[in-house]
Protein chains: 2
Amino acid sequence: MGKKVSMAVIKRLPRYYRYLNDLLKVEVKRISSKELSERMGITASQIRQDLNCFGGFGQQGYGYNVETLYNEIGKILGVERRFSTIIIGAGNMGNALANYTNFQKRGFDLIGIFDINYNRIGQKVNGIEILHTDELDDFIKKKNVDIAILTVPSRNISEVAEKVVELGIKGIWNFSPQDLKLSHDVVVENVHLSDGLAVLGYRLKEKEENNSSN
Amino acid sequence: MGKKVSMAVIKRLPRYYRYLNDLLKVEVKRISSKELSERMGITASQIRQDLNCFGGFGQQGYGYNVETLYNEIGKILGVERRFSTIIIGAGNMGNALANYTNFQKRGFDLIGIFDINYNRIGQKVNGIEILHTDELDDFIKKKNVDIAILTVPSRNISEVAEKVVELGIKGIWNFSPQDLKLSHDVVVENVHLSDGLAVLGYRLKEKEENNSSN
DNA sequence: TAGATTGTTAATCGATTAACAATC
DNA sequence: TAGATTGTTAATCGATTAACAATC
């Protein structure tokens, strides 16, 4: 009952999942926390600690069965569950995401794309017709949409976000640099791409300074 | 010297920068750590602690001058410094990033786009002609490129990354889900978009379970 | 001056690592 | 069985929060 797993652990799960998938592909059957730790560049202790938040998936003296562990982490992440997803904002980023096949694999079904620009309406992206945002209302009510991916301009983000949560959206994946403050209780993941780029700039600059001061 | 500021602090800097920019726009002149903490949803203590890693930008009894603080954080992040940047992989994601005007503002100048597909060569994205990856070699040597944004398919990522670091690239912004293990000493920032989506799925699933168990 | 708010030290909290008994 | 490796508890490390003297 409510063990309360920390975000630090949860954020590492997709990475474990990826590494296990790679191992599966090259037909590795079993792996010890020690070997996995060397591949991933984290401590074996952390791996065991992380996994034991969710249950004892390993076996003493043997390690972990790769396929079992992969499936278990998949279950934890909810890969079995399907999430119906829409994209709002059919600009370049919306386009790129709509064509991202990985999402389908991870349990996210893209069922609609919306834009405010009439020139875009009716065009298809990855086989899905772009609808006008005026139709959002009807669409969400009819189709029971779980997640909205927001790739609209920053100035519209709060408005669009408020609207979709009122219509019953449960999760938002926000690509605008603007932080979302929402009245409703909804799960939000922010991407904030340019923040990552800023950190890259910082690290680069700092490295140069260190090098020149030696 | 080398105070060694932790990554946790550095990752918060772009967020401070954004909030200060918003305050500037609405012409707020001064702000206390307390008021900023309320807006950002973090503690005032953390704000003061974070900022003091880089110097005393505030004034007792007054708070912080918004413009000064904004500029100081900009300097720390290296906004003044220009980074010449190329995109490798002119697919949907490469396209989207090439059209992202924010990067220019943050000190990143896009000076080249490359693709392996001959059909794309010669087309322009955001005013920049797409070149074939065969020309990477010459281009990087001639133009002194700082950063490569990699939006190539996962299967090519290691190869392309190794190539650009050999040619002298100092920083990589990696959009492939594959982790990079590079022989050279180079700054890498990974985006791993689908990891973020996976976390969103987890949180959504968990919330449902909590709700239904009440 | 008195009030406000910083810069900074100390206390707390949480996350990572180490260690080892349990056990396959 | 003996060796290997987990699950788990305890120790360490680092990051966040609280507190308050310094000072604008």
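All chains are named by letter (A, B, ...) in the order of the sequence lines, taking the proteins before the strands, and each is independently numbered beginning at 1.
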>> Looking at A:Y64, I'd like to know whether one of its side-chain N or O atoms comes within less than 4.0 Å of OP1 or OP2 on D:dG7.
In response: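 Looking at the OP1 and OP2 atoms of D:dG7, one of them is under 4.0 Å from a side-chain N or O of A:Y64.
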> Is any side-chain nitrogen or oxygen of B:R48 closer than 4.0 Å to OP1 or OP2 of C:dG7?
Replying inline: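 Answer is no, no contact under 4.0 Å.
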> So do the side chains of B:M7 and A:R203 get within less than 4.5 Å of each other, counting heavy atoms only?
Replying inline: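 B:M7 vs A:R203: side chains touch.
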>> Ignoring hydrogens, what is the shortest heavy-atom contact between A:K163 and A:T133? Give both atom names and the distance.
In response: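 Reported closest heavy-atom pair: NZ-O, 3.8 Å.
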Please report the distance, rounded to the nearest Å, between [atom1] in [X] and [atom2] in [N].
X: A:Q59; N: C:dC24; atom1: CD; atom2: P; result: 8 Å
X: A:Q60; N: C:dC20; atom1: CD; atom2: P; result: 17 Å
X: B:I31; N: C:dT5; atom1: CD1; atom2: P; result: 11 Å
X: A:F57; N: C:dC24; atom1: CZ; atom2: P; result: 17 Å
X: B:N52; N: C:dT8; atom1: CG; atom2: C1'; result: 7 Å

>> Let's test this: given Watson-Crick or G-U wobble pairing with both distances under 3.5 Å, identify the partner of C:dC13.
In response: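 Base partner found: D:dG14.
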> With both distances kept under 3.5 Å, what pairs with D:dT23, Watson-Crick or G-U wobble?
Replying inline: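 Check on D:dT23: paired to C:dA4, both distances under 3.5 Å.
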What protein N or O atoms touch nucleotides 15-17 of chain D N or O atoms at under 3.5 angstrom, if any, and at what distances?
| from | atom 1 | to | atom 2 | distance (Å) |
| --- | --- | --- | --- | --- |
| D:dT16 | OP1 | B:R12 | NH1 | 3.1 |
| D:dT16 | OP2 | B:R12 | NH2 | 3.0 |
| D:dT16 | O5' | B:Q46 | NE2 | 3.1 |
| D:dT17 | OP2 | B:T43 | OG1 | 3.0 |
| D:dT17 | O4 | B:Q49 | NE2 | 2.4 |

>> Using the ring-ring contact (aromatic ring centres under 6.0 Å, His included) definition, which of the options A:F83, A:F108, A:F103, A:Y100 pairs with A:W173?
In response: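 By the ring-ring contact (aromatic ring centres under 6.0 Å, His included) criterion, A:W173 pairs with just one of A:F83, A:F108, A:F103, A:Y100: A:F103.
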> Between A:E38 and A:K34, is the closest basic N to carboxylate O distance under 4.0 Å?
Replying inline: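 Yes.
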> Does NZ or CZ of B:R39 come closer than 6.0 Å to the centre of the six-membered ring of B:Y19, within 45° of the ring's axis?
Replying inline: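 Judged by the rule (NZ or CZ under 6.0 Å from the ring centre, within 45° of its axis), B:R39 is not positioned above B:Y19.
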> Between A:Y16 and A:Y70, is the gap from one ring center to the other below 6.0 Å?
Replying inline: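 No - the distance between ring centres of A:Y16 and A:Y70 does not fall below the 6.0 Å cut-off.
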